[in-house]
Amino acid sequence: ILFKFAVDSAGLLGSDEAASKVAGHDLKGLIAYFNLGIPDLYFPLMALVDYLGFRLIAMSLLPINSSTIVYGTADAGKNIHAKHAELNQKMKYSATKLNLKPHVAGFMEERSRKVWSAADVEGHVGHDGKLYLLDFSRTFPPRKPDRSHQNSHLYFLLRPEFVKNYPKPLCSDAYSGFVHMHNGDEHTQEIDEATDYLLSEVIPRFADQLRSMDQAAREGLSVKEAMHMEGINLHYLGIVRRHLAGGMKDGDGGGLDDLDDELADELLSVERGGTESGGDEDDEHSVDSHRSGSSSNRASSSKSDSGSVSKGKSKQQDKDKQQDRDRQQEPVRVSSISELFLIEMLSRTVKHNVRRQMRQRLKELKVPLAAPFRQQLIEYLNLVFGNTAASNKYWNGELKHELLRNFPKALLPAEKAKSFNFRHVLGGHGLCQLFASVLSITSLRFRDKCVRNFSSNPQAWSFAVPFDTTDLEEMTASVKHMNIMALAEGYVLKNKGRTMRPRGDTSASGQAAGRTTTSDNSLRLCEMAMEKFREALNANPGDKKALRELADTASMLNNHESANMYYQRCIEADPEDANSMFKYAVFLDEVAKNPELAEEYYLRTLEKDPLHDHCLQRYADFLESQGWYDDSEQFYLRAAECRMTRLERQALATSSGHSHKDG
């Protein structure tokens, strides 16, 4: 196994955070090529390990070296290879499936070649004679570069879902030196147009879909999954939120150039607001003064009741002022769906800050000891979640800056003002959601009692210092791997659950005795399988295998509505896949009891694959059940013929394999 840190050692990207993004794109590209299922094309296994702010790449070593390359470039474009006809055909096929634009790449005319991917995707003929593919960090085309980030075309990439559905193929090497001599202006112009289309068409349409959701759908919404399904990068969370809160006005900035220009204006607006009086905020208190004495702050803020009358009046005046401020802010309070997007942006900003602080601390200490990180981390979380003047100052100043840098248009106009109590907008319920969201995307493990309290009790956020170092149990490593790992685990759990399903007693007496068609243990295993398939889907929202397994498992759990939804998404992910249509047809036939739609999908399956013997058999059963006996007999005969042909081919392939080994 090859291990390497994802760090910006050469200063090419501007930060280690950007280097981590590049590593993430490497895994994403690998998953995309692997899921194409191209025969006789092999890949390394890869995992990303995040710990104490750093990202470690773990990858299996392949039987290759610098002399085995036959596709792409291993020397930064000095030599472009495309000399293996079989691999070229596979890359051409993959470009068609991923909607990538073929193009000529290279820095010298005589050494330039036509490629069907990013030029630095490498293809090798291994020492074992197999074809290998590696280096996938620029698999997908870049978005139009962001001038506020160094070399952003290397890590601000378009989503696979967007690229696949875009009307024309896009060049992965656009904005790079690889195509400078070869229609570079054409490639970059197409990327600019695609980015503008994403901002002006896809995002507003997505926002309209969100607004039309009912409350039940909103409560179960995964912001990340929903955006990725539509091919929208999380970088645009703020723009989606702006549309949700009333849309982008004329002249509000639709293209990326407008967003870049307005970012400086927005930051300046916040800075100007930050110089205004903070009202009743006690700005003279230092952050440290609010961090000390955690236990005493948490126990109770009540003291002796023998306070003076003047103190009582002062408290009442403060309370009245606070209520006045609350009333002033009520008209600009955002909708619940908009708050959900705000919480998503805040939690990711907190995550980035946690990782950055841990990286800086580790560079100083050079020893991965947990104790120093624990104290620093708790201090930062108390600054974020504590109920102090220092916390309010942080929310209304630095945190606003960070939100705008990470997410263009993150704040509504009224929220930029210093007088706007930004933390108060969320309230106790919002802070509970924010805390739960931070835990879900970081590797921080708090004590169960702490998690239950701060995830469900809005009153808990009245503490000046909510967290103590003893609340944090562990800072674990977070591992991202190819979705085949989660899929494999899901397969095992689902099959165990299926084999444990009793036939059940569906009689009245059986139901009265509490017997069901599915045992409790089978239910538990199927629910665990659902979690694994969702994990696989999270890595690749367009993965038809994960969607198909989710649909199948949901059906086993008698969750027919979810099963129907996952089957439809599966077919949308790959409209040419006959197996997905067949599975859906069987579901409609046997579970949903919708014969008209079931027949439609049986026939659609056979349109895609006329030799699908399982579908021919099932459709014959369906016709027989409808009383069409003559038609069903013809399909039974056709199914038998196709099955015999398939078995003969399998036997021939097995025989050829044995002969090859003997030779």
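Start at 1 with the first residue, then count along the sequence.
- Heavy atoms from other residues, nucleotides or ligands lying under 6.0 Å from NZ of K480 number 12 at most.
- Relative to the ring axis of F341, R241 does not place its NZ or CZ within 45° and under 6.0 Å from the centre.
- Under a 3.5 Å cut-off, the side chain of R359 and the backbone N or O of G53 do form a donor-acceptor pair.
- Taking every heavy atom of both residues into account, Y33 and S94 meet most closely at CE2-OG, 3.4 Å.
- Atom CG of residue D50 and atom OG of residue S20 lie 6.5 Å apart, to the nearest 0.5 angstrom.
- Rounding to the nearest 0.5 angstrom, the gap separating the CG atom in L48 from the CG atom in D26 is 8.0 Å.
- A donor-acceptor contact closer than 3.5 angstrom is absent between the side chains of S478 and S443.
- Between the K608 side chain and the L603 main chain, no donor and acceptor come within less than 3.5 Å of each other.
- Closest approach of L487 and A536 over heavy atoms only: CG-CB, 3.8 Å.
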query: For L234 and H228, what are the C-alpha separation, side-chain angles and deciding distance, and is it a side-chain contact (heavy atoms from CB on, under 4.5 Å)?
result: CA-CA 8 Å; L234 293 181; H228 285 176; 3.7 Å; yes

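- Side-chain atoms of E225 and N538 form no donor-acceptor pair, as typed in the model, at a separation below 3.5 Å.
- Ring planes of H235 and F407: tilted class, angle from 30 to 60°.
- The main-chain N or O of D16 is never found under 3.5 Å from a side-chain atom of K21 such that the two would form a donor-acceptor pair.
- Using cut-offs of 30° and 60° on the angle between ring planes, the pair H149 and Y155 is perpendicular.
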task: Any chance you could lay out the side-chain contact (heavy atoms from CB on, under 4.5 Å) test for L198 and Y166, step after step, and finish with the verdict?
output: CA-CA 9 Å; L198 174 64; Y166 192 64; over 6 Å; no

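- In terms of heavy-atom proximity, R55 sits nearest to A23 at CD-CB, 3.8 Å.
- Annotation for F162 and V202: closest pair CE1-CG2, 3.9 Å, computed over non-hydrogen atoms.
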- request: Please assess R356 against E17 for the test salt bridge (charged side-chain N to carboxylate O under 4.0 Å, His left out), listing each intermediate value before the final yes or no.
  value: CA-CA 8 Å; R356 184 180 68 249; E17 187 70 29; over 6 Å; no

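- Between the side chains of Q568 and E572, no donor-acceptor pair is found at a separation under 3.5 Å.
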- request: In sequence, state the C-alpha distance, the side-chain angles, and the governing distance for L100 and V163, and then conclude on side-chain contact (heavy atoms from CB on, under 4.5 Å).
  value: CA-CA 8 Å; L100 301 179; V163 176; 4.1 Å; yes

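- In this structure the side chain of D208 reaches within 4.5 angstrom of the side chain of R211, judged on heavy atoms.
- How far SG of C570 is from CG of L537: 10.5 Å, rounded to the nearest 0.5 Å.
- Counting heavy-atom neighbours within 6.0 Å of R205 CZ, excluding the residue itself, gives a total above 12.
- Checked by atom type and distance alone, the side chain of D8 pairs as donor or acceptor with a backbone atom of G14 at under 3.5 Å.
- A donor and an acceptor atom, one from each side chain of R138 and S172, are nowhere located under 3.5 Å apart.
- The CG atom of D574 sits 10.0 Å away from atom CD1 of I571, with the distance rounded to the nearest 0.5 Å.
- A side-chain donor-acceptor contact under 3.5 Å links H103 to the backbone of K101.
- Take V49 and apply the side chain to side chain contact (heavy atoms under 4.5 Å, CB included) test, not counting sequence neighbours, and it matches L56, A477, V479.
- If you take CG on N594 and CG on N564, they are separated by 9.0 Å, rounding to the nearest 0.5 Å.
- L170 places none of its side-chain heavy atoms less than 4.5 Å from the side chain of N99.
- A donor-acceptor pair under 3.5 Å links the side-chain atoms of S347 to the main chain of I343, judged by distance alone.
- The aromatic rings of Y584 and Y601 sit perpendicular, their planes meeting at an angle over 60°, well past the 30° parallel limit.
- H612 and F582 have tilted rings, their planes meeting at an angle from 30° to 60° on a 0 to 90° scale.
- Looking only at distances, no side-chain donor or acceptor of D609 sits under 3.5 Å from a matching main-chain atom of A578.
- The minimum heavy-atom distance linking Y175 with I191 is given by the pair CE1-CG2, 4.1 Å.
- Within 6.0 Å of the NZ atom in K92, the count of heavy atoms belonging to other residues, nucleotides or ligands does not exceed 12.
- Residues D146 and H153 have side chains that never bring a donor and an acceptor to within less than 3.5 angstrom of each other.
- Between the T553 side chain and the L550 main chain, no donor and acceptor come within less than 3.5 Å of each other.
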message: Quick one, L606 with C615, criterion side-chain contact (heavy atoms from CB on, under 4.5 Å). Give me CA distance, side-chain angles, the key distance, then yes/no.
response: CA-CA 7 Å; L606 294 174; C615 184; 3.8 Å; yes

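- The side-chain hydrogen bond (donor to acceptor under 3.5 Å, both in side chains) analysis of residues 482-493, with sequence neighbours excluded, yields the pairs N483-D543, E489-K532.
- Under 3.5 Å, the side chains of Y566 and D552 contain no donor-acceptor pair of N or O atoms.
- A donor-acceptor pair shorter than 3.5 Å can be found between the side chains of R548 and S580.
- Considering all non-hydrogen atoms of both residues, P142 and C171 come closest at CD-O, 3.9 Å.
- The local environment of CG in D214 is crowded, with over 12 non-hydrogen atoms from other residues, nucleotides or ligands closer than 6.0 Å.
- Under the ring pair (Phe, Tyr, Trp, His ring centres under 6.0 Å) criterion, F206 pairs with no residue at all, not counting sequence neighbours.
- Taking the six-membered ring where tryptophan is involved, the planes of F43 and F34 are perpendicular, since the angle between them exceeds 60° and thus also 30°.
- Within 6.0 Å of the CE atom in M59, the count of heavy atoms belonging to other residues, nucleotides or ligands exceeds 12.
- Here the CG atom belonging to L340 is positioned 9.5 Å from the CG atom belonging to L237, to the nearest 0.5 angstrom.
- Using a 4.0 Å cut-off between charged nitrogen and carboxylate oxygen, K224 and E344 do not count as a salt-bridge pair.
- Within 6.0 Å of NE2 on H560 lie more than 12 heavy atoms contributed by other residues, nucleotides or ligands.
- In this structure, F140 has its ring center no closer than 6.0 Å to that of H25.
- A side-chain N or O of Y602 and one of D589 form a donor-acceptor pair less than 3.5 Å apart.
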